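For the numbers below, each heavy atom of this structure counts, side chains included, while hydrogens, waters and symmetry mates do not. Computed from a prediction, not measured in an experiment: that's the story for all the values here.
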Amino acid sequence: MQRLAEGVAASGIRVIRFEFPYMQRLRENGKRGAPDPPRILMQSFRDAIEKAGGSSALVIGGKSMGGRIASMVADDAGVLGVACLGYPFHPPGKPEKTRTKHLETMRTPTLILQGMRDSFGSPQDVRTYKLSPAVRVEWLEDGDHSFKPRARSGRTEADNIRAAIGIVTEFIASR
């Protein structure tokens, strides 16, 4: 996330980051705990939107669960768009337990960047989902959930991060 945020910011787009409470606790005491309940995560996003000056000129997003939570608050928050990086369409190995219901009715323009080998949602999985026309899914070649490709692919993680920066920057600029 840090490299992606820096890359988007280098293109002249203001980037604001924040931590969910459970991540802040991890940083402060070093103890990994379960994520906070969805209502707290969603409120954290709403608070960050307010602290940034409101939703009218914001594209929000996040990595994995952060992107999922961003997509869950976007329509009500009235943001310009959502960028989800490595969306957790389902838990690994459990494609029947989808996390896509709200994506069927999304009104906010949404970009989902996904590695082609992402265990949280492969092209084969995602092809079967009913997604709103507002949702655009882009695939990063041979990437896993963190966009890292296999060495034998001939690509590097840096290649996929650069590609992600370009796609996210274009998406934000089009809002």
dist Thr98:OG1 -> Glu104:CD (nearest 0.5 Å) comes out at 8.0 Å

Determine whether Glu157 and Arg3 make a side-chain contact, defined as any pair of heavy atoms from C-beta on separated by less than 4.5 Å. yes

Does one hydrophobic cluster hold both Met106 and Ile172, with members joined at side-chain heavy-atom distances below 4.5 Å? no

Side-chain (Asp159) to main-chain (Thr156) donor-acceptor, under 3.5 angstrom: yes

Ring pair (Phe, Tyr, Trp, His ring centres under 6.0 Å) pairs, two or more places apart, involving residues 79-99: Tyr87-Phe89, Phe89-Tyr129

Of all the heavy-atom pairs spanning Val82 and Ala70, show the shortest one and how long it is. CG1-CB, 4.0 Å

Could you grab the distance from atom CD1 of Ile112 to atom CH2 of Trp139, nearest 0.5 Å is fine? 8.5 Å

Spacing of CG belonging to Leu26 relative to CD belonging to Glu28, to within rounding of 0.5 Å: 10.0 Å

For the residue pair Phe147 and Leu113, establish whether any side-chain heavy-atom pair is separated by less than 4.5 Å. yes

Considering the options Thr110, Leu111, Leu131, which one meets the side chain to side chain contact (heavy atoms under 4.5 Å, CB included) requirement together with Val137? Leu131

Please determine which of Arg155, Arg150, Arg152 meets the side-chain hydrogen bond (donor to acceptor under 3.5 Å, both in side chains) test together with Asp142. Arg150

Show me the donor-acceptor pairs within less than 3.5 Å that the side chains of residues 49-67 make with the rest of the protein, sequence neighbours left out.
{"from": "Ser55", "atom 1": "OG", "to": "Ala77", "atom 2": "O", "distance (Å)": "2.6"}
{"from": "Lys63", "atom 1": "NZ", "to": "His145", "atom 2": "O", "distance (Å)": "2.3"}
{"from": "Ser64", "atom 1": "OG", "to": "His145", "atom 2": "NE2", "distance (Å)": "2.8"}

Taking every heavy atom of Ser153 against every heavy atom of Pro149, the minimum-distance pair comes out as OG-CB, 3.5 Å

Donor-acceptor list for residues 9-20 side chains, cut-off 3.5 Å, not counting sequence neighbours:
{"from": "Ser11", "atom 1": "OG", "to": "Val8", "atom 2": "O", "distance (Å)": "2.6"}
{"from": "Arg17", "atom 1": "NH1", "to": "Gln2", "atom 2": "OE1", "distance (Å)": "2.3"}
{"from": "Glu19", "atom 1": "OE1", "to": "Arg27", "atom 2": "NE", "distance (Å)": "3.0"}
{"from": "Glu19", "atom 1": "OE1", "to": "Arg27", "atom 2": "NH2", "distance (Å)": "2.7"}
{"from": "Glu19", "atom 1": "OE2", "to": "Arg27", "atom 2": "NE", "distance (Å)": "3.0"}

Determine the minimum heavy-atom distance between Pro91 and Phe120, stating which atoms define it. CA-CD2, 4.4 Å

Can you tell if the side chain of Leu85 reaches within under 4.5 Å of the side chain of Val168, non-hydrogen atoms only? yes

Closer than 3.5 angstrom, by distance alone: can the side chain of Asn160 be matched with the main-chain N or O of Leu140 as a donor-acceptor pair? no

Report the distance from atom CD of Gln24 to atom CG of Asn29, rounding to the nearest 0.5 Å. 10.5 Å

To the closest 0.5 Å, what do you measure between OG (Ser44) and CE (Met23)? 12.5 Å

If Ile, Leu, Val, Met, Phe, Trp and Tyr residues are connected whenever their side-chain heavy atoms lie under 4.5 Å apart, and connections chain through other members, are Val79 and Leu41 in the same group? yes

Inter-residue atom distance Glu170.CD - Ile165.CD1, 0.5 Å rounding: 14.5 Å

Check: Arg136 and Phe171 side chains under 4.5 Å, non-hydrogen atoms: yes

Check: Gly121 main-chain N/O paired with Gln114 side-chain donor or acceptor under 3.5 Å: yes

Check whether the side chains of Ser122 and Asp125 place a donor and an acceptor atom closer than 3.5 Å, and report yes or no. yes

Between Ala34 and Arg25, the two heavy atoms sitting closest are O-NH2, 4.4 Å

Over all atoms of both residues, closest heavy-atom pair of Met116 and Glu141: SD-CA, 3.9 Å

pair His102-Ser71: side-chain heavy atoms closer than 4.5 Å: yes

